[in-house]
Every structure is written in C-alpha cells, then in structure tokens.
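Worksheet for the structure shown next.
Here is the naming used below: chain letters follow the sequence lines, and residue numbers restart at 1 for every chain. All figures in this text were calculated on a predicted structure; none of them were measured in a lab.
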Amino acid sequence: MRFIRATLESDHSIKRIFFYGDAVLAANRFQTPPQGQKSIAQSWAELAEEISIPLHACIANSVRRGIVDEREAERYNLGVSSIHPSFTLTGLGEMTEVVHDSEKMVQF
Amino acid sequence: MIVHTLFSDLPDTLGQVLAALSPGDVILLAGDGCYQNARVKQISSDADLFMLAEDAQVRGINETSARLISDPEWVTLTAESHQVISWF
C-alpha cells in the first residue's frame with residue numbers, strides 16, 4: 001500500500017492491483033478482526049475507492065482458497081459468495097493483457 | 001538496470017539474488033529482507049545496495065552500508081529501472 005500511495009503521489013499511474021497466490025485471502029469478506037482493528041479486505045477496499053483502481057483476484061487461486069463470487073458459489077454449490085464486493089475475480093488472461101499495456105509489473 | 005527487491009531474510013534467497021546479478025543491477029532490501037543487512041555487508045558485490053528507510057527503521061536497523069531510500073525514491077528507482085524482480 002505504501003508503494004501504491006507513493007506511486008500515485010508521483011507522476012506515474014497504476015492500472016490494476018492483482019492479487020495472486022495466498023494474497024487472494026485479502027479478498028475474503030468474512031474476515032473478522034478483533035475489535036478496534038480493520039480487516040485487510042476493508043483496508044484495500046477503502047484504498048481502492050480512494051484511488052479508483054480496480055482490485056482483481058486470480059480466479060483459480062481464489063476458488064481453491066474458498067474465495068468465490070456469486071457465480072462461482074452457484075457453480076460449486078457453496079450457497080453464498082465470500083468475496084468482498086470491492087474485489088473482482090479475473091483470470092490470468094486479464095492480467096497478461098494489463099501487463100502488456102503497462103510499462104512495468106511490480107510484485108510484492 | 002534491474003532492481004532485485006529482496007523481501008526474504010533467508011541466506012539461500014540472498015545467494016539466489018547474487019547468482020542472478022548482472023553488472024549495473026541493484027539490490028533493494030525491503031521488509032524482512034532488511035535483516036540481510038549484516039550478511040550483505042560481508043559479501044563483496046559490485047551491485048549498488050539500497051534499503052527502504054521505513055522498513056529498516058521499524059526493524060531497528062541503524063548501521064548499514066546500504067543507501068536508505070524513502071518511498072518516493074523507491075518509486076523513482078522502480079521507474080528508472082529496466083525491470084524489477086522480487087525475491088521472496
């Protein structure tokens with residue numbers, strides 16, 4: 001998040017924030033932190049709203065970790081979606097396309 | 001110039017970074033990678049060494065031969081590089 005903020009305060013821009021591997025767990029809307037603490041999903045959601053940059057989670061990595069939207073919940077008979085509404089499930093094709101259109105990809 | 005951002009405090013990962021270095025590349029210590037500080041100092045390498053100032057500070061790392069950089073300088077270093085490779 002520090003890099004993102006510093007980037008946007010410079011004359012550079014960010015096209016997408018892509019969550020991959022265990023990072024997709026940040027998209028779990030059922031995170032229930034102790035009182036007085038904010039969930040990671042909420043922190044990302046607030047940042048995304050502030051900077052208007054889409055948050056994308058890898059669909060394959062997400063589904064295997066129980067992070068599903070309504071469509072995937074229905075497909076796998078899970079009953080309810082578990083993804084925070086600020087996140088979108090997308091495939092590697094989308095990521096490849098954005099990487100192609102970007103000057104750089106930075107991984108954390 | 002490639003920026004090798006090292007997030008890991010494991011000796012093996014530092015070894016992998018050193019093996020992958022080309023002339024002109026730089027190493028950036030970030031997160032727990034800052035704990036490589038003492039190890040990196042003992043290894044002779046031509047690569048320029050940077051460390052995120054905030055990450056070093058929260059880990060109590062005061063003495064370093066690395067150049068401490070701010071987050072805006074981190075962005076500039078990234079922008080000036082040809083590529084960034086992250087090591088975990």
Hydrophobic cluster identity match, [X] and [Y], side-chain contacts under 4.5 Å:
X     : Y     : answer
A:V80 : A:Y76 : no
B:V84 : A:F3  : yes
B:I27 : B:F50 : no
A:I83 : A:F18 : no
B:V40 : B:L18 : yes

Can you measure from [atom1] ([X]) to [atom2] ([Y]) and round to the nearest 0.5 angstrom?
X      : Y      : atom1 : atom2 : value
B:S86  : A:M105 : OG    : CE    : 8.0 Å
A:Q107 : B:F88  : CD    : CZ    : 4.0 Å
B:T76  : A:H12  : OG1   : NE2   : 6.0 Å

Exercise for the section: With a 4.5 Å heavy-atom cut-off (strictly below), which parts of residues 25-35 of chain A touch chain B? List them by number. Expected result: none
Completion exercise
The interface call for A:T7 against chain B, heavy-atom contacts under 4.5 Å, is both
Whether over 12 other heavy atoms sit under 6.0 Å from [X] [atom1]:
X      : atom1 : value
A:I40  : CD1   : no
B:Q57  : CD    : no
B:Q16  : CD    : yes
B:R39  : CZ    : yes
A:E103 : CD    : no

Practice task
Locate the shortest heavy-atom distance separating A:A6 from B:P72; write the atom from each residue and the value.
Solution key: CB-N, 4.1 Å
Practice task
Return the minimal non-hydrogen interatomic distance between A:F108 and B:F7, and the atom names on each side.
Solution key: CD2-CZ, 3.9 Å
Exercise for the section: Would you confirm whether A:K104, through its side chain, and B:H82, through its main-chain N or O, come within 3.5 Å as a donor-acceptor pair? Expected result: no
Handout entry: Sub-4.5 Å side-chain heavy-atom contact between A:R2 and B:L52
Key = yes
Exercise for the section: Would you indicate whether the side-chain heavy atoms of A:V106 and B:Q83 approach each other to under 4.5 Å? Expected result: no
Handout entry: Which atoms of B:I85 approach chain A - backbone, side chain, both or neither, heavy atom under 4.5 Å
Key = neither
